[in-house]
Amino acid sequence: QVQLVESGGGLVQAGGSLRLSCAASGRTSSNYAMAWFRQAPGKEREFVAAISWRGLTIRYADSVKGRFTISRDNAKNTMYLQMNNLKPEDTAVYYCASDTYNWARSSIGDYDYWGQGTQVTVSS
C-alpha cells in the first residue's frame, strides 16, 4: 500500500522560508512523477509544482515561480518543496501526490496517491 507522509509545515512570517518533505513508502515500481498541491480555506485544491522521476521535467504554478523549488531524492524516497519569500496568500494545507506515470502533470485527477497534508501559515 502506497503511503505519503508530509512534514515541515508551520507558522512563518511573510518573507520567511520553509522546507516541506514528503516521504513515500510502499511503491513497488519506479519511474513515476510526484507533485505538490495546496488548499486554502474556502478554496479548491490547486497545483503548486510537479517533478518527473529524474527531475528532467519540472512544472510550477505561476504564483510560485521564482520562489518555490521542487526536488526529490529517489534513494531516500523523498520529495521536497523549498519555499522562499513566503506570502500570506501561500497559507494553505500542502499535499504531496504521486502519479502512476512519469509526466509531471498539473491536474488533481492525474494523481493516484495522496498524503494527509501539512499546514503552512504565513503571517503578515
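We count residues from 1, following the sequence as given.
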Restricting to non-hydrogen atoms, name the atom on Gln119 and the atom on Ala92 that form the minimum distance, rounded to 0.1 Å. NE2-O, 3.5 Å
Output all residues satisfying side chain to side chain donor-acceptor pair (under 3.5 Å) with Gln116, sequence neighbours left out; order by chain, then residue number. none
Going from OG on Ser123 to CD on Gln13, what distance comes out if it is rounded to the nearest 0.5 angstrom? 5.0 Å
Does any N or O in the side chain of Thr91 come within less than 3.5 Å of the main-chain N or O of Glu89, such that one atom is a donor and the other an acceptor? no
Is the distance between the ring centroids of Phe47 and Phe37 under 6.0 Å? yes
With Lys65, which residues qualify under side chain to side chain donor-acceptor pair (under 3.5 Å), at least two apart? Asp62
Just so I know, are the side chains of Leu4 and Met34 near enough to count as touching, which here means a heavy-atom distance under 4.5 Å? yes
List the atom of Phe68, the atom of Tyr60, and the distance in Å for their closest heavy-atom pair. O-CE2, 3.3 Å
Output for pair (Glu6 CD, Cys22 SG), nearest 0.5 Å, gives 5.5 Å
Do Gln82 and Ser17 make a side-chain contact, defined as non-hydrogen atoms from C-beta onward lying under 4.5 Å apart? yes
Go through the steps to decide whether Ser21 and Met79 satisfy the test side-chain contact (heavy atoms from CB on, under 4.5 Å), and finish with yes or no. CA-CA 6 Å; Ser21 298; Met79 177 180 64; over 6 Å; no
Looking only at non-hydrogen atoms, find the nearest pair between Tyr95 and Gly115 and report the distance. CD2-O, 3.6 Å
Donor-acceptor check, side chain of Ser52 to backbone of Thr57, threshold 3.5 angstrom: yes or no? yes
As an exercise, state the distance from CG of Leu20 to OG1 of Thr78, rounded to the nearest 0.5 Å. 13.0 Å
The criterion is side chain to side chain donor-acceptor pair (under 3.5 Å); which residues satisfy it with Gln3, sequence neighbours excluded? none
Mind checking the NZ-OG spacing from Lys87 to Ser124? Nearest 0.5 Å is all I need. 14.0 Å
Any donor-acceptor N/O pair, Asp90 side chain to Val122 backbone, under 3.5 Å: no
Looking at side-chain heavy atoms only, is the closest gap between Ser63 and Arg38 below 4.5 Å? yes
Rounded to the nearest 0.5 Å, what separates atom CD1 in Ile58 from atom CD1 in Ile51? 4.0 Å
Asn31: what forms a side chain to side chain donor-acceptor pair (under 3.5 Å) with it, not counting sequence neighbours? Asn102
List in chain and number order the residues that pass salt bridge (Lys or Arg N to Asp or Glu O under 4.0 Å) with Arg19, two or more places apart in sequence or in another chain; answer none if no residue qualifies. none
Show me the pairs that pass salt bridge (charged side-chain N to carboxylate O under 4.0 Å, His left out) and involve residues 98-114, at least two apart or across chains. Asp99-Arg105, Arg105-Asp110
Cation-pi check for Tyr32 against Arg72: NZ or CZ below 6.0 Å from the six-membered ring centre and within 45 degrees of the axis, yes or no? yes
Taking the side chain from Thr121 and the backbone from Leu11, do they hold a donor-acceptor pair closer than 3.5 Å? no
Does Val12 share a hydrophobic cluster with Val64, counting links as ILVMFWY side-chain heavy atoms below 4.5 Å and allowing steps through other members? yes
Correct closest heavy-atom pair for Ala49 and Leu81 would be CB-CD1, 4.4 Å
Is the Lys NZ or Arg CZ of Arg45 less than 6.0 Å from the centre of Trp114's six-membered ring, within 45° of the axis? yes
Are Ile70 and Tyr101 grouped together when hydrophobic residues (ILVMFWY) are joined by side-chain heavy atoms under 4.5 angstrom apart? no
Can you find a heavy atom in the side chain of Tyr111 that is under 4.5 Å from one in the side chain of Thr100? no
